[in-house]
S.K.: 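Please read through the structure below; I'll follow up with questions.
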Number of protein chains: 2
Amino acid sequence: MTEDPKPRRRQARGERRIAQLLQAAADVFCANGYTATSTNAIAREAKVSPGTLYQYFPNKEAIAIELGGRLIHEMRERHGQVFTPENVALPLPELIDAILDPMIEFNCLNPAFLALMHGSEVPGRIAEEHDELHASLLSQVRELIGARAAPALPVEELDRVADMAFAVFKGGLALIVAAPEGPARDGAVAELKKVLYRYLEPLLAEEGARVTTTPPR
Amino acid sequence: MTEDPKPRRRQARGERRIAQLLQAAADVFCANGYTATSTNAIAREAKVSPGTLYQYFPNKEAIAIELGGRLIHEMRERHGQVFTPENVALPLPELIDAILDPMIEFNCLNPAFLALMHGSEVPGRIAEEHDELHASLLSQVRELIGARAAPALPVEELDRVADMAFAVFKGGLALIVAAPEGPARDGAVAELKKVLYRYLEPLLAEEGARVTTTPPR
DNA sequence: GGCAAACACGAGTGATCGCTCGCGTTTTCA
DNA sequence: TGAAAACGCGAGCGATCACTCGTGTTTGCC
């Protein structure tokens with residue numbers, strides 16, 4: 001609809017300030033949440049004046065949108081390289097590694113991502129983009145499971161399994177991110193992979209091995 | 001330290017107002033989060049004036065604390081009846097039912113609980129009580145798993161398993177609460193139980209059945 | 001019935017927040 | 001080198017929020 005009416009030409013200094021402000025915003029959002037964070041606090045964290053902040057962002061919401069947008073973009077790039085055909089053909093343990101490791105690394109490096117995506121207090125635009133990302137990830141999980149599970153698997157159950165696998169991943173991810181870097185975190189990562197392996201193994205067993213004893217439930 | 005200096009004597013009407021205000025607060029907190037909720041909005045939702053609200057609560061924080069306290073109390077009562085000796089002796093599938101079902105029911109009936117416990121924006125007192133509850137639940141999970149797993153299981157791994165089982169439960173719970181009541185939710189519940197069963201079965205197999213094929217990881 | 005206390009009200013108050021504006025400084029470019 | 005544009009500042013403006021207070025109504029108790 002409306003073109004950006006301000007083809008403002010930025011200097012290198014300005015780009016640096018923007019990055020600096022977004023980093024500050026990420027830190028403060030992460031610590032206090034979006035609503036409880038004041039724009040003055042972001043400016044203070046970035047060591048600039050409120051006026052300077054508003055030279056680069058029209059309002060508080062735009063800061064969160066820009067930050068969230070960049071994080072989502074980075075995440076998209078990452079998961080785009082994850083659901084590749086060669087990965088899909090991997091044995092289940094390696095498949096889990098290939099999918100989880102990049103996601104975990106990203107979320108550990110960018111804790112603001114989870115903080116921004118999770119709150120019910122974030123501006124609507126972020127929630128929308130998050131929903132899109134969520135749906136996209138979910139459909140890729142569905143596709144992947146569908147490609148490897150028995151073809152007789154009802155779509156309805158496929159959806160349930162994909163939903164639950166993703167939800168379980170998010171739960172484990174929260175634990176992992178909260179754990180202190182080091183062996184504790186590594187242990188949690190290994191444990192989450194165990195959960196997912198044992199959950200998915202009966203469905204995704206390699207061809208010809210589908211006679212494994214399905215547990216009593 | 002300080003005794004409550006106001007042994008204010010409440011009428012039945014007052015108690016009703018308090019319940020009404022807490023219910024309204026639960027709804028609005030749930031919809032908008034703690035910080036973004038104004039006390040006037042709570043009063044409006046409860047169909048009373050701001051002045052009336054402040055007759056029963058000294059400030060906004062006290063509302064959240066009272067609400068959170070009541071929910072935590074109710075949850076404690078519930079989980080107290082869940083980790084009983086007779087439950088501990090149950091076969092794993094029934095054990096999972098016995099533990100998960102009350103928790104899930106409570107959280108579906110009181111969505112404000114998750115909303116209040118989860119935010120990093122809640123008043124410190126709530127966070128403390130939540131940490132206590134969390135630690136208490138976790139230790140009971142540890143105890144239960146420890147009682148049933150192989151005695152040779154290192155405590156270190158026991159801790160990891162309990163942490164992960166609880167984290168996975170929380171992830172699945174979020175999916176369940178978000179699902180619309182009905183078959184979708186029931187399906188999600190069954191799926192979460194499958195996850196936990198398959199994760200814990202190798203550890204908690206009944207005595208004498210511990211020769212089950214442990215998966216390659 | 002009458003009185004004190006609890007309840008209910010809602011306009012108002014001080015503080016804080018998002019955001020602006022005027023002015024001074026630095027960078028770009030011809 | 002000079003002017004235009006981008007950058008940087010921080011006091012301050014209007015709006016909103018948590019919370020108060022003076023006044024009127026209802027309830028419990030003798």
S.K.: What is the separation between atom CD on A:Gln55 and atom P on D:dA5, rounded to the nearest whole Å?
M.R.: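 Taking atom P of D:dA5 as the reference, CD of A:Gln55 is at 14 Å.
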
S.K.: Indicate whether OP1 or OP2 belonging to D:dT27 is found under 4.0 Å from a side-chain N or O atom of B:Arg13.
M.R.: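 Checking B:Arg13 against D:dT27: no side-chain N or O falls below 4.0 Å of OP1 or OP2.
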
S.K.: Is B:Asn107 reaching over with its side chain to a backbone N or O of B:Met103, donor-acceptor style, under 3.5 angstrom?
M.R.: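 Between the backbone of B:Met103 and the side chain of B:Asn107 there is a qualifying donor-acceptor contact (under 3.5 Å).
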
S.K.: From B:Phe29 CZ over to A:Ser120 OG, what is the distance, rounded to the nearest 0.5 angstrom?
M.R.: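 The distance works out to 11.5 Å.
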
S.K.: Do any side-chain nitrogens or oxygens of B:Tyr54 fall under 4.0 Å of OP1 or OP2 in C:dC9?
M.R.: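 For B:Tyr54, the contact criterion (side-chain N or O under 4.0 Å from OP1 or OP2 of C:dC9) is not met.
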
S.K.: Would you mind checking if B:Arg70 and B:Glu66 are paired as a salt bridge, meaning a charged N to carboxylate O distance below 4.0 Å?
M.R.: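 Counted as a salt bridge, because a side-chain N and a carboxylate O are separated by less than 4.0 Å.
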
S.K.: Ignoring backbone atoms, test whether B:Arg17 places a side-chain nitrogen or oxygen under 4.0 Å from the OP1 or OP2 oxygen of D:dT27.
M.R.: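 Looking at the OP1 and OP2 atoms of D:dT27, neither is under 4.0 Å from any side-chain N or O of B:Arg17.
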
S.K.: The side chain of A:Lys60 lies closest to which of these nucleotides: D:dC9, C:dT28, C:dG18?
M.R.: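 Of the candidates, C:dG18 comes closest.
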
S.K.: By the 4.0 Å heavy-atom rule, please label B:Tyr56 as base, sugar-phosphate, or nothing.
M.R.: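 Sugar-phosphate contact only - B:Tyr56 comes under 4.0 Å of backbone atoms but never of a base.
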
S.K.: Which nucleotide in the list D:dC17, D:dC9, D:dA5 gets nearest to the side chain of A:Arg9?
M.R.: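 Nearest to the side-chain atoms of A:Arg9, counting from C-beta on, is D:dA5.
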
S.K.: In whole angstrom, what separates B:Glu15's CD from D:dT27's C1'?
M.R.: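 These atoms are roughly 15 Å apart.
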
S.K.: Rounded to the nearest 0.5 Å, how far does OH of A:Tyr56 lie from CZ of A:Arg17?
M.R.: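 Here the interatomic distance stands at 6.5 Å.
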
S.K.: Using a 4.0 Å heavy-atom cut-off, does B:Asn59 contact any base of the nucleic acid, only the sugar-phosphate backbone, or nothing at all?
M.R.: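 It contacts sugar-phosphate atoms only.
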
S.K.: Does this structure show an ion pair linking A:Lys193 with A:Asp101, if we count only N-O contacts that are shorter than 4.0 Å?
M.R.: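 A salt bridge links A:Lys193 with A:Asp101.
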
S.K.: Check the distance between D:dC17's P and B:Asn32's CG and give it to me in whole angstrom.
M.R.: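 Distance, rounded to whole Å: 11 Å.
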
S.K.: Give a yes/no answer on whether the side chain of A:Arg10 brings an N or O atom under 4.0 Å of OP1 or OP2 in D:dC7.
M.R.: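 Yes, because at least one side-chain N or O of A:Arg10 sits under 4.0 Å from OP1 or OP2 of D:dC7.
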
S.K.: Does the side chain of A:Thr52 get closer than 4.0 angstrom to OP1 or OP2 of D:dC7 through an N or O atom?
M.R.: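 No.
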
S.K.: Figure out the CZ/C1' separation between A:Arg44 and C:dC17, and round it to whole Å.
M.R.: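 That distance rounds to 12 Å.
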
S.K.: Measure up the A:Phe169 and A:Phe166 rings against each other and bin them: parallel (under 30°), tilted (30 to 60°), perpendicular (over 60°).
M.R.: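 It falls in the parallel class, under 30°.
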
S.K.: CG of B:Leu21 versus P of C:dC7: gap in Å, rounded?
M.R.: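 Roughly 12 Å, once rounded to whole Å.
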
S.K.: Closer to the 5' end of DNA chain C via nearest nucleotide, is it B:Gly51 or A:Tyr34?
M.R.: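 On the 5' side of the pair lies B:Gly51.
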
S.K.: Mind checking A:Thr35 for me? I need base, sugar-phosphate or nothing, with any heavy atom below 4.0 Å counting as a touch.
M.R.: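 No contact at all - A:Thr35 keeps every heavy atom at 4.0 Å or more from the nucleic acid.
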
S.K.: Rounding to a whole Å, what distance do you find between A:Gln11:CD and D:dG8:C1'?
M.R.: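 Those two atoms, CD and C1', are 12 Å apart.
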
S.K.: Rounded off to whole Å, could you give me the CG-to-P distance for the B:Asn40 and C:dT13 pair?
M.R.: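 In whole Å, C:dT13 P lies 16 Å from B:Asn40 CG.
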
S.K.: Of the candidate nucleotides C:dT28, D:dT27, D:dC19, which contains the atom at the shortest distance from the side chain of B:Pro50?
M.R.: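 Looking only at heavy atoms from C-beta outward on B:Pro50, the closest nucleotide is D:dC19.
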
S.K.: Choose from D:dG10, C:dC7, D:dA6 the nucleotide whose nearest atom is closest to any side-chain atom of A:Ser49.
M.R.: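 So the nucleotide nearest the side chain must be D:dG10.
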
S.K.: Ignoring the backbone of A:Thr39, work out which of D:dC29, C:dG18, D:dC9 is nearest its side chain.
M.R.: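 In terms of side-chain proximity for A:Thr39, the closest of D:dC29, C:dG18, D:dC9 is C:dG18.
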
S.K.: Expressed in angstrom and rounded to an integer, what is the separation of B:Leu53 atom CG from D:dA18 atom C1'?
M.R.: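 Distance, rounded to whole Å: 10 Å.
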
